[in-house]
Amino acid sequence: MPDNGWPADRIDTENAHSARIYDYILGGKDYYPADQEAGDAMAREWPALPVHMRANRDWMNRAVRWLAEEAGIRQFLDIGTGIPTSPNLHEIAQSVAPGARVVYVDNDPIVLTLSQGLLSSTPEGRTAYIEADFRDPASILGAPELRDTLDLGEPVALTVIAIVHFVLDEDDAVGIVRRLLEPLPPGSYLAMSIGTAEFAPREVARVAREYAARNMPMRLRTLEEAHEFFTGLELVEPGIVQVHKWRPDGTGEQDVRDEDIAMYGAVARKP
C-alpha cells in the first residue's frame, strides 16, 4: 500500500470500513489491510460479491446519465458518496450537461481527504463536498456548501446509493430520506439502491454476518420494504428492480444472474 498521506489521527486503520471494503473489491487502492482481510472473507462467503458491487456501480452510472439526459436534471445531491472512483457522479452528469452541479456528502475522513477527485468540476459546472452523517439530515440541509451550490428553487436529484442497508430500524432510514426530499421542489427525483437478501438469502446472510462481526450491522430489505422509500413519488419505469435489470444499456457486465445481485434500484419523481 502506498503512503497516501491520510491524517492518522482521524482514520481508524485497524478496523475495516464499508467504503474501503467496496473500494478494495472494485479494484481500487484506497484501503488498509483490515479492509482487504474483510473483503476477502466476504468474497469467500459469497463469490458473487464483486459482480454484485460492480453491478451497483454500473446502475449508478446509468441512473445518473438517465437523470441528466432524459429527465433534464442539472443538480445532484449525492449522499454517502464513498471513495472517489472514476467516473464519479459529477463526471457522468457533466459529460451530458457541462453546467451540472453536484454536492457530495460523506462522513468518512478518507473520503474528505481524497475529495479533490470529487471537486474537479467543469468550468461551467460546480461541485462541493459536505462532511456530514446521513443520519443527521439537518446538518446536510443546513450546510452552506449546499445552499451555495444548489438552487433549491429548481429540481434536484437526490441520490442515495448503497447506503441504507447500513442504517438500522432505530435510525429510521425511510424518515431520513423523506426529510432530505422535503425541501426539494416538485420535479426533483430520488435515485436509490437498496440492499436485499431476497435472491441469495443464505449467501447474503453470511456476508451480513461478516460485516456485523466488524461492527457494521446491516438491515437488508424486502421489495415491499423498499417501496416504503418511494411512497408519494412517481416511479420511473421499470420501477423497483434488481440493479442489473434497471434500463440495461449493454455497457455493464453481461449475463449477470439474479442470484448474484443483492440490490434493488429505482428512480422516482417528486410530483
Side-chain angles (χ1 to χ4, degrees), residues 19 22 26 51-106 118 125 127 134 150 154-165 173-174 176-178 180-181 184 187-196 199 221 223 226-254 256 258 260-271:
Y22 188 72
L26 287 179
V51 174
H52 155 80
M53 288 187 171
R54 286 194 296 271
N56 178 72
R57 188 77 190 179
D58 291 340
W59 172 82
M60 184 277 284
N61 292 352
R62 295 195 306 278
V64 171
R65 182 169 292 279
W66 184 90
L67 286 163
E69 282 186 342
E70 303 297 329
I73 294 295
R74 297 295 180 262
Q75 303 187 107
F76 295 80
L77 175 57
D78 184 50
I79 309 294
T81 296
I83 291 171
T85 303
S86 188
N88 293 298
L89 190 150
H90 73 278
E91 295 171 316
I92 300 165
Q94 291 179 349
S95 72
V96 175
R101 296 184 166 212
V102 178
V103 172
Y104 291 109
V105 180
D106 207 290
L118 302 173
T127 62
F134 170 68
L150 304 183
E154 297 294 330
V156 176
L158 172 65
T159 56
V160 184
I161 298 170
I163 183 174
V164 293
H165 52 277
V174 172
I176 292 169
V177 171
R178 288 178 180 164
L180 290 168
L181 276 170
L184 306 185
S188 293
Y189 283 81
L190 171 64
M192 289 187 70
S193 60
I194 301 165
T196 183
F199 300 93
R221 290 172 170 84
L223 178 59
H227 270 278
E228 294 176 13
F229 289 98
F230 299 94
T231 299
L233 305 179
E234 301 168 348
L235 282 163
V236 172
E237 289 294 333
I240 304 174
V241 295
Q242 285 174 286
V243 287
H244 67 299
K245 294 182 175 180
W246 196 91
R247 297 178 176 257
D249 60 5
T251 61
E253 209 162 317
Q254 303 301 305
V256 176
D258 289 359
D260 291 344
I261 303 299
M263 199 80 77
Y264 286 118
V267 175
R269 183 180 181 274
K270 182 177 179 178

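These values consider heavy atoms only, across backbone and side chains, with no hydrogens, waters or symmetry-generated copies. We count residues from 1, following the sequence as given.
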(Q) Less than 4.5 Å apart, side chain to side chain, heavy atoms only: is that true for F229 and V160? (A) no
(Q) Set out, in order, the CA-CA distance, both residues' side-chain angles and the distance that settles side chain to side chain contact (heavy atoms under 4.5 Å, CB included) for R54 and V256, then state yes or no. (A) CA-CA 11 Å; R54 286 194 296 271; V256 176; over 6 Å; no
Q | Test side chain to side chain contact (heavy atoms under 4.5 Å, CB included) applied to F134 and V177, step by step | A | CA-CA 9 Å; F134 170 68; V177 171; 4.0 Å; yes
Q) Which atom names give the shortest non-hydrogen contact between A157 and L67, and what distance separates them? A) CB-CD1, 3.9 Å
Q: Find the distance between NE2 (H227) and CG (L235) and round it off to the nearest 0.5 Å.
A: 6.5 Å
Q: Please report the closest heavy-atom contact between Q75 and P155, naming both atoms and the distance.
A: NE2-O, 3.2 Å
Q) Step by step, would you call L190 with F230 a side chain to side chain contact (heavy atoms under 4.5 Å, CB included)? A) CA-CA 8 Å; L190 171 64; F230 299 94; 3.7 Å; yes
**Q.** side chain to side chain donor-acceptor pair (under 3.5 Å) partner of H244, chosen from D258, N56, D58
**A.** D258
**Q.** Test item: R221 side-chain N/O and V164 main-chain N/O as donor-acceptor pair under 3.5 Å
**A.** yes
Q) Any side-chain heavy-atom pair from S188 and L158 closer than 4.5 angstrom? A) no
**Q.** Any donor-acceptor N/O pair, S193 side chain to A162 backbone, under 3.5 Å
**A.** yes
Q) If every non-hydrogen atom of R178 is compared with every non-hydrogen atom of E228, which pair is closest and at what distance? A) NH2-O, 3.2 Å
Q: For residues T196 and L223, determine if any side-chain heavy atom of one lies less than 4.5 Å from a side-chain heavy atom of the other.
A: no
(Q) Applying salt bridge (charged side-chain N to carboxylate O under 4.0 Å, His left out) as the test, list every pair that has at least one member in residues 70-81; sequence neighbours left out. (A) none
**Q.** Minimum heavy-atom distance E237-W246, with the two atoms named
**A.** O-NE1, 4.2 Å
Q: Could you tell me which non-hydrogen atom of G82 sits nearest to which non-hydrogen atom of A19, and how far apart they are?
A: CA-CB, 4.5 Å
(Q) How long is the straight-line distance from CG of D260 back to CZ of F199, given to the nearest 0.5 Å? (A) 12.0 Å
Q. Measuring from R101:CZ to Q94:CD, what's the distance to the nearest 0.5 Å?
A. 10.5 Å
Could you go through residues 261-271 and list every donor-acceptor pair under 3.5 Å that involves a side-chain atom there, pairing it with any protein atom two or more places apart or in another chain?
{"unit_1": "Y264", "atom_1": "OH", "unit_2": "E198", "atom_2": "OE1", "d": "2.4"}
{"unit_1": "K270", "atom_1": "NZ", "unit_2": "L181", "atom_2": "O", "d": "2.9"}
{"unit_1": "K270", "atom_1": "NZ", "unit_2": "E182", "atom_2": "O", "d": "3.2"}
{"unit_1": "K270", "atom_1": "NZ", "unit_2": "L184", "atom_2": "O", "d": "2.5"}

Q) Do any N or O atoms from the side chain of R247 and from the backbone of P238 form a donor-acceptor pair under 3.5 angstrom? A) no
(Q) So I194 and H165, do their side chains get closer than 4.5 Å, heavy atoms only? (A) no
Q) Which heavy atom of V156 sits nearest a heavy atom of I73, and at what distance? A) C-CG2, 4.5 Å
